[in-house]
Number of protein chains: 2
Amino acid sequence: MGATKTEHFTDKQNAIATLAKALGHPARVAIMEYLMKVDTCICGDIVNELPLAQPTVSQHLKELKTAGLIKGSIEGNAICYCIDEKALDKLQSYFAKISTKLEKKRNNCC
Amino acid sequence: MGATKTEHFTDKQNAIATLAKALGHPARVAIMEYLMKVDTCICGDIVNELPLAQPTVSQHLKELKTAGLIKGSIEGNAICYCIDEKALDKLQSYFAKISTKLEKKRNNCC
DNA sequence: AATCTTTATCGTAATATTGCAATCTAAATA
DNA sequence: TATTTAGATTGCAATATTACGATAAAGATT
């Protein structure tokens, strides 16, 4: 088939999967890291930072935006993209929670 | 094309992307959560927990294993899967670091 | 207004992913 | 040894992703 059976899983599982999937490509990780690095949100320039053609970068940006990881506001004829902290907080607290749980168990197995 | 240009990105970016990609499917998130939930690592049963056929689950397990998120040891004619903490630690510290950095900047933009 | 600049969208080719039925493998047990 | 059981592998169909050339849209600049 090829289509994910999202309806069989919980909303939370789907939400985490969506965020993780959005970061499941090195170009998108690179974009996030670039947006982190520049102190104020830079407009444009992302294309020059990446070894990919402009339409490809635009597509990756769209996916990050759809997933809620970044937001973009129009700034003249350029667009100002920056990180949406809410989504990253979700991921951060999710993995923090898991790490805490794992700590408690301390290798009950394997 | 369709093939990711991994060679253009840093090892670290590729590593994070690989881990994120592995969690980019709700079934795999569900598997991880199930392995978290059961106190000791249970052998088998994962198939019964998921709304997917056995070959499909087996494939998802393989992907999680390849990404380094879980490890499996043979236990008689069953297999004992459990979470590999190292990979989760990587993700946890990655997002923790990002969150700290974002905190410092406090919405310089947008 | 004509042109430039920046970003999005369309169309398409190459490749990857998802899912399952059928089948195989190997240890366990009858 | 024949059978059962747990899990992997194979093969295939449906769908998704990745990448880019060509082109469009819209504000900026000349």
Side-chain angles (χ1 to χ4, degrees), chain A residues 1-9 13-14 17-31 34-35 41-67 70-82 110, chain B residues 1-9 13-14 17-31 34-35 38 41-67 69-82 110:
Chain A
M1 292 199 182
T4 300
K5 292 188 151 185
T6 47
E7 68 277 13
H8 294 312
F9 302 98
Q13 285 166 345
N14 280 309
T18 299
L19 290 176
K21 191 175 187 178
L23 291 177
H25 192 290
R28 294 194 291 265
V29 172
I31 289 173
Y34 179 68
L35 288 176
C41 78
I42 202 111
C43 312
D45 290 345
I46 300 176
V47 171
N48 301 318
E49 285 290 317
L50 293 184
L52 296 169
Q54 181 268 326
T56 310
V57 173
S58 184
Q59 201 175 288
H60 283 309
L61 285 167
K62 191 179 174 185
E63 271 165 71
L64 286 171
K65 202 174 168 188
T66 302
I70 63 174
K71 45 193 172 176
S73 55
I74 297 165
E75 203 85 19
N77 76 338
I79 287 186
C80 169
Y81 277 112
C82 53
C110 298
Chain B
M1 294 203 176
T4 299
K5 293 188 153 184
T6 47
E7 68 276 12
H8 294 311
F9 303 97
Q13 284 166 347
N14 279 309
T18 300
L19 290 176
K21 191 175 186 177
L23 291 177
H25 192 291
R28 295 195 288 266
V29 172
I31 289 173
Y34 180 68
L35 289 176
V38 293
C41 78
I42 203 112
C43 311
D45 290 347
I46 300 177
V47 172
N48 302 318
E49 286 290 316
L50 293 184
L52 296 170
Q54 182 268 325
T56 309
V57 173
S58 184
Q59 200 176 291
H60 283 309
L61 285 167
K62 192 179 175 185
E63 272 164 71
L64 285 171
K65 202 174 168 187
T66 302
L69 281 159
I70 62 173
K71 46 192 172 178
S73 56
I74 297 165
E75 203 86 19
N77 77 337
I79 285 186
C80 169
Y81 278 112
C82 53
C110 301

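The sequence lines fix the lettering, A, B, ..., with proteins before strands; numbering per chain opens at 1.
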Exercise. So do the side chains of A/K71 and A/C82 get within less than 4.5 Å of each other, counting heavy atoms only?
Worked result: yes

Exercise. Got a sec, which residues hit side chain to side chain contact (heavy atoms under 4.5 Å, CB included) with B/S58, two or more places apart in sequence or on another chain?
Worked result: B/Q54

Exercise. Separation of B/E7 atom CD from D/dT18 atom P, in whole Å?
Worked result: 15 Å

For this session: Output all residues satisfying side-chain hydrogen bond (donor to acceptor under 3.5 Å, both in side chains) with A/Q13, sequence neighbours left out; order by chain, then residue number.
Result: A/T10, B/E33

Exercise. Should B/Y81 be listed as having a side-chain N or O under 4.0 Å from OP1 or OP2 of D/dA8?
Worked result: yes

Exercise. Below 4.5 Å, heavy atoms only, C-beta onward: do A/L35 and A/I46 meet side chain to side chain?
Worked result: yes

Seminar exercise, completed: note: B/H8, atom NE2; D/dC20, atom C1'; distance rounded to Å ~ 13 Å

Exercise. Within the structure, does a side-chain N or O atom of A/H60 lie under 4.0 Å from either OP1 or OP2 of D/dT17?
Worked result: no

For this session: Quick one: list whatever passes side chain to side chain contact (heavy atoms under 4.5 Å, CB included) with A/D45, sequence neighbours left out.
Result: A/Y34, A/I42, A/N48

Problem set entry | By side chain to side chain contact (heavy atoms under 4.5 Å, CB included) - contacts of A/A53 (at least two apart) | A/P55, A/T56

Problem set entry | d(NZ, B/K71; P, D/dG7) in whole Å | 19 Å

Exercise. Can you tell if the side chain of B/F9 reaches within under 4.5 Å of the side chain of A/P51, non-hydrogen atoms only?
Worked result: yes

For this session: Please list, by residue number, the residues of residues 46-56 of chain A whose heavy atoms come closer than 4.0 Å to an atom of DNA chain C; answer none if no residue qualifies.
Result: A/Q54, A/P55

For this session: Between A/A78 and A/K62, name the one whose nearest nucleotide on DNA chain C is closer to the 5' end.
Result: A/A78

For this session: Name every residue in residues 19-29 of chain A that has at least one heavy atom under 4.0 Å from any atom of DNA chain D, in order of residue number, or write none if there are no such residues.
Result: A/K21, A/H25, A/R28

For this session: Without swapping roles, check the side chain of B/R28 against the backbone of B/A22 for a donor-acceptor pair under 3.5 Å.
Result: yes

Problem set entry | Value in whole Å for how far the C1' atom of D/dG7 lies from CG of B/L61 | 10 Å

Exercise. Between B/T4 and B/K65, which has a closest nucleotide on DNA chain D that is more 5'?
Worked result: B/K65

For this session: Report, as a single string ordered 5' to 3', how protein heavy atoms within less than 4.0 Å touch nucleotides 24-30 of chain D: B base, S sugar-phosphate only, - not at all.
Result: ---BS--

Exercise. Below 4.5 Å, heavy atoms only, C-beta onward: do B/K21 and A/L23 meet side chain to side chain?
Worked result: no

Seminar exercise, completed: For A/T4, the side chain to side chain contact (heavy atoms under 4.5 Å, CB included) test, sequence neighbours excluded, returns A/T6, B/H25, B/P26

For this session: Among residues two or more places apart or on two chains, list those pairs meeting salt bridge (charged side-chain N to carboxylate O under 4.0 Å, His left out) that have a residue in residues 48-59 of chain A.
Result: none

Exercise. Which of the following nucleotides, C/dA8, C/dG19, D/dT18, is nearest to the side chain of A/Q59?
Worked result: D/dT18

For this session: In whole angstrom, give the distance that lies between atom CD of A/E63 and atom P of D/dT17.
Result: 7 Å

